[in-house]
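Have a look at the structure below before the remarks.
Labels below follow one simple rule: chain letters A, B, ... track the order of the sequence lines, proteins then strands, and each chain is numbered from 1. All values reported here derive from a predicted model rather than from experimental measurement.
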There are 2 protein chains.
Amino acid sequence: MKRRYFGQYCGLARALELVGERWGLLIIRDLTVRPQRYTDLFDGLPGIPTNVLSTRLKELEEAGVIERRIAPAPQRGVLYALTPAGHDLEPAVSALGRWGTTQLGEPRPGEIVTPSAVVMALRAAFDPHAAAGLTASWEIHAGDIEVHAAVTEGRLTAGIGPAADKPDLVIDFEPDDLPSYLALMQAAKCGLVKLDGPRELLDSFIRVFGPSKATLPDAPAHRSAALDE
Amino acid sequence: MKRRYFGQYCGLARALELVGERWGLLIIRDLTVRPQRYTDLFDGLPGIPTNVLSTRLKELEEAGVIERRIAPAPQRGVLYALTPAGHDLEPAVSALGRWGTTQLGEPRPGEIVTPSAVVMALRAAFDPHAAAGLTASWEIHAGDIEVHAAVTEGRLTAGIGPAADKPDLVIDFEPDDLPSYLALMQAAKCGLVKLDGPRELLDSFIRVFGPSKATLPDAPAHRSAALDE
DNA sequence: CCGAATCCGCAGTGATACTG
DNA sequence: CAGTATCACTGCGGATTCGG
C-alpha cells in the first residue's frame, strides 16, 4: 500500500505519516479506550465514509499500531485493538486532546459527544499530582453515555460503561444535550447534577479532573471569533 | 474560509480540525523554534507546494495559532510567529515527535534533516528529571546545521544557531550525512564526535537528552548524501 | 447484522509557472 | 521576498451494493 511521505528524517514527520491522515488519530482514540469492532468504530466516528475507515484500518495495521483479532467465543467477529506501539501513542493523544479542549468553545450545531471522547477527556484532564495517594471511583451518566473512572493510589483507570466494582459516587446529568467534559465540570460546579454517594467525592472529582492551571474559557461564549467560517 | 469538521465535540477532534491538516503541525514545529519568514518555512519544509504553504498559513492565522508580524528594522518583511495558543501546542508536538522518534528506523533515501527537526528532537527528548539542578550548555555542529541547547537549573532552552553565550561544550560531527538526533546519540556514544570542551559534559548531554527507556533502533547504517536545505 | 468493496463527484494536494 | 495562478491528480465524502 502506498503512502505519502514528508521527506524529512524527523520524529514528528514520521508520526504524521503513520497516524496523521484524516480520521487516523480519532480511530486510535477510540481504540485507546478498548478494542472495538468495525461497526463500533463506524458508530463512534460520525460521518466517516466506510471506505476511508477500512483503508485507515489497513494502513494502521500495516504501520504496526493496530491489529486485527478474532473476537472471543460469545460474539465472534473481528476486533481491532492497539498494539503496544499503538498504546504508546496515548500520551500524544492526550496532549493534543488537552490542547484542543482549551479551543473547544461552544458545541457547534450538529456536534455530538461520544463515550470515547469523554473517556479521553478524563484521561487528558487527569492530574496525577492532585490525585497523589487518593483512591476513589466514580460513574458518570449523561443521557445514554455511561463511563467510569477509578483512581487507585493515585493511578487512573477510565473506560466505557459501568464500573467493575460499585462506584463510590454516581454523577448523573440532567441536561444530556450538554454531556461534554467541560460542561460537565461547569455543571458539577454549579450543582446541576444528581448525586448518588457522598458529596465530598464530587469535590475530589473536580480537583483531580478539573482544569489544572490551563487557560480555560470560563464562559465559553466569547471565544468563537476565530471559528466562524 | 471554509474548513472540514469532524462533527464531534471533542478536544482531539477540534485540535485536528485546527492544526491537523497536511503540513500543519510541521509548520508549527518550525515556528516553535522561532518566528520565520515565508521562505524560511518553505526551505525547511522540503516538498511543500507554495500554494499549500500559503493557505495553511492563512488557516492557522484564522485559527488563532499563528500571527503575521512585520519584521523589525534591519531586514523587514513578513514574519510568522506563534500566538500564545500556538505555543501551548508544544507539549503535544513534543509528545507526537517523541513517539515518532521511536518509529523512525533508518533514514529513507532522500530524507533530509532540518535544524528545526533537531531542535524539536532535543526538546522532545529532554528529561527534566535527569536534568534537575543541572546548568550547562552545548552547541552542536553537523554539516551546515548548527543548534544550541542550554540547561539552566534544570530548565531547557534550545534553538537554531550558535549559543548566546559561549557554550560549555561544542559537539562536532564528522559524518554530516547523519545529523539525525538518534544518530547523534549513537555517534556520541561511540565517540565519533569531535569535542571542544570537557568530556564529562558529553556524558551529561547523553544523560539529559538520551533515550529514557524508549526502544531505540540499533545503529543506523550510514547512507545517503542527503542534500541539506 | 457484520465487514467491508465499488462507484462517482468534488475538494484538497502536488508540481510548476508566474507576478507585485 | 512573498506569495498567486493554473492544472493534473488523488484522497475524501456520500451512497449503494455485496458476500459471510
Side-chain angles (χ1 to χ4, degrees), chain A residues 1-8 13 16-27 30-31 35-63 66-81 110 229, chain B residues 1-8 13 16-27 30-31 35-63 66-81 110 229:
Chain A
M1 186 161 299
K2 63 180 189 170
R3 204 184 291 274
R4 282 142 101 210
Y5 301 114
F6 282 110
Q8 299 190 33
L16 293 171
E17 286 170 0
L18 293 172
V19 301
E21 305 279 310
R22 194 161 166 79
W23 296 102
L25 280 177
L26 291 177
I27 292 172
D30 281 19
L31 293 181
Q36 312 228 29
R37 45 182 64 240
Y38 185 91
T39 26
D40 299 333
L41 290 168
F42 183 75
D43 295 340
L45 269 10
I48 190 174
T50 62
N51 56 350
V52 171
L53 177 54
S54 83
T55 68
R56 280 298 163 275
L57 289 171
K58 264 179 282 197
E59 290 167 357
L60 292 173
E61 183 181 9
E62 188 193 350
I66 72 172
E67 62 184 8
R68 293 167 56 104
R69 287 184 195 161
I70 304 303
Q75 43 211 8
R76 81 187 175 289
V78 188
L79 267 189
Y80 292 93
E229 75 180 68
Chain B
M1 188 163 297
K2 63 183 189 171
R3 204 184 291 275
R4 281 141 102 211
Y5 300 114
F6 282 109
Q8 300 191 32
L16 293 171
E17 286 169 0
L18 292 173
V19 300
E21 306 277 311
R22 193 160 168 78
W23 297 100
L25 280 177
L26 291 178
I27 292 172
D30 281 18
L31 293 181
Q36 312 226 26
R37 46 182 65 240
Y38 185 91
T39 29
D40 299 333
L41 290 167
F42 182 75
D43 295 340
L45 269 11
I48 191 174
T50 60
N51 57 350
V52 171
L53 177 55
S54 83
T55 66
R56 281 297 165 277
L57 289 171
K58 265 179 278 196
E59 291 167 356
L60 292 173
E61 184 181 8
E62 189 193 348
I66 72 173
E67 62 184 8
R68 293 166 56 103
R69 289 184 194 161
I70 303 305
Q75 44 211 6
R76 78 184 176 288
V78 187
L79 268 189
Y80 291 93
E229 72 208 85

How close or far is atom [atom2] of [N] from atom [atom1] of [X], stated in whole angstroms?
| X | N | atom1 | atom2 | result |
| --- | --- | --- | --- | --- |
| A/Glu21 | C/dT13 | CD | P | 10 Å |
| A/Gln36 | C/dG3 | CD | C1' | 15 Å |
| A/Ile27 | C/dG3 | CD1 | C1' | 14 Å |
| A/Arg22 | C/dG12 | CZ | P | 9 Å |

**Prompt:** Under 6.0 Å from the six-membered ring centre of B/Tyr38 and within 45° of its axis: does the NZ or CZ of B/Arg68 meet both?
**Reply:** no
Does a side-chain N or O of [X] approach OP1 or OP2 of [N] to a distance below 4.0 Å, or not?
| X | N | result |
| --- | --- | --- |
| A/Tyr38 | C/dA5 | no |
| B/Arg56 | C/dT13 | yes |
| B/Trp23 | C/dG14 | yes |

**Asked** Bend across the helix from C/dC1-D/dG20 to C/dG20-D/dC1, to 10°, with axes taken over 5 pairs at each end?
**Response** 30°
**Asked** What nucleotide, of C/dG3, C/dG12, C/dG14, holds the atom closest to the side chain of A/Arg4?
**Response** C/dG14
**Prompt:** So which nucleotide from C/dA5, C/dA4, C/dG14 ends up closest to the side chain of A/Lys58?
**Reply:** C/dA5
**Item:** First-last contacting nucleotides on DNA chain D - partner chain A, under 4.0 angstrom, heavy atom
**Value:** D/dG11 to D/dA15
**Message:** Please determine whether a side-chain nitrogen of the Lys or Arg among A/Lys58 and A/Glu61 lies less than 4.0 Å from a carboxylate oxygen of the Asp or Glu.
**Reply:** no
**Item:** Lys/Arg N to Asp/Glu carboxylate O, B/Glu21 vs B/Arg3, below 4.0 Å
**Value:** no
Enumerate all atom pairs, one protein N or O and one N or O from nucleotides 16-20 of chain C, separated by less than 3.5 Å.
{"from": "C/dT16", "atom 1": "O4", "to": "B/Thr50", "atom 2": "OG1", "distance (Å)": "3.3"}

